[in-house]
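A short write-up of the structure that comes next.
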Amino acid sequence: MAARILQQQDFAVEAAVISFSPAHRRAVEAAQKAAAELSIPLAVLHCEELFDKAVVSAFCATYAAGRTPNPCVVCNPLVKFKVLADEADRRGIRYIASGHYARTELKNGVHHIAVAASAARDQSYMLYRLPPEIRGRLCLPVGEFEKPAVRHMAEDMGLSCADAPDSQEICFIPDGDHAAFIAARGVASLPGRFLSPEGRDLGPHGGVAHYTVGQRKGLGIALGQPVFVKEILAGGDIRLGYAGEEYAAGVVLQDIVTAGGAPLATGEEYLVKIRSAAAPSPCKVRVESGQTSLLFQLPLRAAAPGQHAVLYCDGLVMGGGAIHSSF
RNA sequence: UGGCCCGUCGACAAGUGGUAAGUCACAUGACUUUGACUCAUGCAUUCGUAGGUUCGAAUCCUGCCGGGCCAA
């Protein structure tokens with residue numbers, strides 16, 4: 001659909017689909033079909049090796065260490081848009097487009113990622129780490145529309161992607177069982193024990209890769225009321241908490257990037273999202289002895305180390321970083 | 001060995017003669033380009049067991065099995 005919209009705007013469109021892993025065969029075939037319907041030349045770019053190294057390995061290692069990776073956030077700058085940009089360069093093409101629900105905006109000489117017109121569909125979170133040289137040549141045509149409108153447009157044009165399912169889990173783990181995937185790769189995840197909210201030993205858990213902060217299901221712990229993963233300790237033990245105890249007042253950030261390149265400074269106020277599908281929530285920056293923290297105005301649920309906090313201002317992505325820890 | 005309690009879904013637990021609540025856990029589905037959260041639906045033809053009383057028992061009676069407490 002993104003390609004079709006650009007065609008209507010008189011862009012000369014060339015298409016590429018990236019084959020990230022063996023699990024992507026169907027996606028590649030769907031792209032080939034769509035390209036044929038639009039009579040657009042389509043190249044299949046292979047980057048299985050890079051993807052495996054930059055995304056999949058890091059994903060497994062992060063989980064095995066008791067943190068919660070976000071592969072999409074990592075993939076976009078390091079693999080997906082990098083590969084597209086390289087291919088565009090080879091062909092002498094200036095602009096790069098994708099079907100993400102987000103927008104771009106030039107403000108004060110800085111190219112920002114901006115939230116989509118359809119707030120409920122917004123995917124700007126996943127794009128927050130794109131470097132300026134990518135942001136400056138990015139076109140995100142579907143970000144201007146509501147999802148249903150895009151679907152209707154596709155239907156009207158008789159495109160086969162009109163009824164394509166749009167929800168997926170981790171793209172390289174089709175069955176959704178990431179713990180099994182990690183184990184199958186031979187990556188060992190830290191063993192440990194469940195600790196009740198009162199500190200009681202509740203027995204061994206299945207390996208740290210099975211759990212993430214805020215998780216309720218799959219613990220197999222029956223205490224008469226719901227319990228959640230509150231913290232995964234460095235040694236591998238998992239501290240549980242009752243409902244409400246999995247909220248954080250703030251987070252410590254690492255690997256910070258900003259749209260303009262200037263570091264975050266104490267006192268700055270932003271709206272923050274700690275997951276893609278979240279309502280932006282006010283926070284304040286604090287920099288102290290080289291450590292940058294975000295203080296949430298309201299406690300936020302399940303701020304898992306390894307996930308990312310993305311900062312917004314007036315609908316523009318201002319920066320963000322990985323969550324090192326919460327407090 | 002006497003005396004007294006108790007035994008209901010994987011866990012906890014209502015129910016004390018009228019035909020098995022609820023919570024947690026679990027399963028499936030929805031939602032979702034990360035992990036989660038959330039929501040919907042499902043989940044004991046049966047109440048330790050064997051008999052008895054009764055129109056009717058998880059509920060009353062008896063034996064046995066299992067667990068606990070007290071006494072010597």
Side-chain angles (χ1 to χ4, degrees), chain A residues 2 18 20-21 23-24 26-27 30 51 55-56 58-60 62-81 98-102 116 118 120-129 140 142-143 147 164-179 181-182 189 194 196-197 202-203 205-206 208-232 238 240-248 273-279 299-310 320 322-323 326:
Chain A
I18 303 175
F20 294 102
S21 80
H24 288 80
R26 285 180 55 92
F51 184 75
V55 178
V56 181
F59 172 87
C60 294
T62 302
Y63 250 127
R67 297 162 66 81
T68 308
N70 189 326
C72 295
V73 164
V74 174
C75 171
N76 283 328
L78 263 38
V79 182
K80 180 178 283 182
F81 285 94
S98 84
H100 284 88
Y101 281 82
S118 170
R121 282 291 168 182
D122 179 48
Q123 293 175 316
S124 60
Y125 176 94
M126 299 301 186
L127 303 176
Y128 94 96
R129 291 190 86 85
L140 302 171
V142 304
K147 183 97 181 188
D166 59 4
S167 63
Q168 48 185 301
E169 303 175 298
I170 299 167
C171 68
F172 53 93
I173 308 178
D175 70 357
D177 189 347
H178 67 264
F181 178 88
I182 291 167
S189 96
F194 282 123
S196 80
L202 298 177
H205 65 238
V208 110
H210 288 269
Y211 313 101
T212 182
V213 171
Q215 179 173 335
R216 170 183 177 180
K217 293 293 178 185
L219 306 181
I221 300 286
L223 292 185
Q225 61 178 304
V227 289
F228 301 83
V229 172
K230 185 176 178 183
E231 186 182 6
I232 299 176
I238 292 177
L240 304 175
Y242 295 120
E245 294 182 25
E246 77 282 26
Y247 283 77
K273 294 211 298 188
I274 59 168
R275 58 179 56 80
S276 181
L300 260 29
R301 165 163 213 295
Q307 293 289 289
H308 293 257
V310 179
I323 296 172
S326 66

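By convention in this document, chain letters (A, B, ...) are assigned in the order of the sequence lines, proteins followed by strands, and residues within each chain are numbered from 1.
Base contact: A/Pro69 has a heavy atom under 4.0 Å from a base atom. Here A/His308 lies out of heavy-atom contact (under 4.0 Å) with every strand. Using a 4.0 Å heavy-atom distance criterion, A/Val213 is classed as a base contact. Using a 4.0 Å heavy-atom distance criterion, A/Gln225 is classed as a sugar-phosphate-only contact. Counting any heavy atom pair closer than 4.0 Å across all strands shown, A/Cys72 reaches sugar-phosphate atoms only and no base atom. Counting non-hydrogen atoms under 4.0 angstrom, A/Ala302 reaches a base of the nucleic acid. Backbone-only engagement by A/Gly218 is indicated by non-hydrogen atom pairs under 4.0 Å involving sugar-phosphate atoms exclusively.
Separating the CD1 atom of A/Ile274 from the P atom of B/U32 is a distance of 19 Å, rounded to the nearest angstrom. Rounded to an integer number of Å, the gap from A/Leu223 CG to B/A25 C1' is 10 Å. One atom, CG of A/Asp122, and another, P of B/U32, lie 14 Å apart when rounded to the nearest Å. Atom CG of A/Leu240 is separated from atom C1' of B/A36 by 15 Å (rounded to the nearest Å). Atom CD1 in A/Ile238 sits roughly 14 Å away from atom C1' in B/A36 (whole-Å rounding). Between A/Ile232 atom CD1 and B/A36 atom P there is a gap of 11 Å when expressed in whole angstrom units. Between the P atom of B/G35 and the CZ atom of A/Arg301 lies a distance of 15 Å, rounded to the nearest Å. Distance A/Ile221 CD1 to B/C12 P: 14 Å, rounded to the nearest Å.
Take the nearest nucleotide of RNA chain B for A/Leu219 and for A/Phe228: the residue whose nucleotide is more 5' is A/Leu219. Map A/Lys217 and A/Gln123 each onto its nearest nucleotide of RNA chain B; the residue landing nearer the 5' end is A/Gln123.
Partner assigned to B/G56 is none, using Watson-Crick or G-U wobble distances below 3.5 angstrom. Nucleotide B/C39 forms a Watson-Crick or G-U wobble pair with B/G29, both donor-acceptor distances falling under 3.5 Å. Under the Watson-Crick or G-U wobble criterion, with both distances below 3.5 Å, B/G51 is paired with B/C61. Base pairing analysis places B/G66 opposite B/C6; the two distances defining the Watson-Crick or G-U wobble pair are each below 3.5 Å. B/U19 is unpaired under the Watson-Crick or G-U wobble criterion, no partner having all donor-acceptor distances under 3.5 Å.
Counting only distance, with no hydrogens or angles, the side chain of A/Gln307 and the backbone of A/Ile323 share no donor-acceptor pair below 3.5 Å. Between the side chain of A/Gln225 and the backbone N or O of A/Val227 there is no donor-acceptor pair closer than 3.5 Å. Between the side chain of A/Ser189 and the main chain of A/Val208, a donor-acceptor pair closer than 3.5 Å is present. The backbone N or O of A/Ala302 sits nowhere less than 3.5 Å from a side-chain atom of A/Glu246 that would complete a donor-acceptor pair.
For B/C24, one of the phosphate oxygens OP1 or OP2 lies less than 4.0 angstrom from a side-chain nitrogen or oxygen of A/Arg216.
One C1' atom belongs to B/C43, the other to B/G22, and the distance between them is 14 Å to the nearest Å. Only the P atoms considered, B/A30 is 34 Å distant from B/C12, to the nearest whole Å. The separation of B/C64 from B/A57, taken at their P atoms, amounts to 24 Å, rounded to a whole angstrom. When the P atom is compared between B/U8 and B/G68, the two are found 15 Å apart, to the nearest whole Å. Annotation: B/A44 and B/A20 have their C1' atoms spaced 8 Å apart (nearest Å). Separating the P atom of B/C5 from that of B/C60 is a span of 12 Å, rounded to the nearest Å. To the nearest whole angstrom, the two P atoms, one in B/A36 and one in B/C47, are 40 Å apart. Of the C1' atoms belonging to B/C24 and B/A13, the separation is 11 Å, rounded to the nearest Å.
The minimum heavy-atom distance between A/Leu219 and A/Leu240, with the atom names listed, is CD1-CD2, 4.1 Å. Listed here is the closest heavy atom pair of A/Gly214 and A/Phe228: O-CD2, 3.4 Å.
Which of B/U32, B/A36, B/G10 sits closest to the side chain of A/Arg121 comes down to B/U32. Nearest nucleotide to the side chain of A/Tyr63, out of B/G35, B/C24, B/U34: B/G35. Picking from B/C24, B/C37, B/U34 the nucleotide with the shortest atom distance to the side chain of A/Ile170 gives B/U34.
Contact annotation: side chain of A/Glu169 to base of B/U34, donor-acceptor pair absent below 3.5 Å.
A donor-acceptor pair shorter than 3.5 Å can be found between the side chains of A/His308 and A/Tyr128.
Classified by interplanar angle (parallel below 30°, tilted 30° to 60°, perpendicular above 60°), the ring pair A/Tyr211/A/Phe194 is perpendicular.
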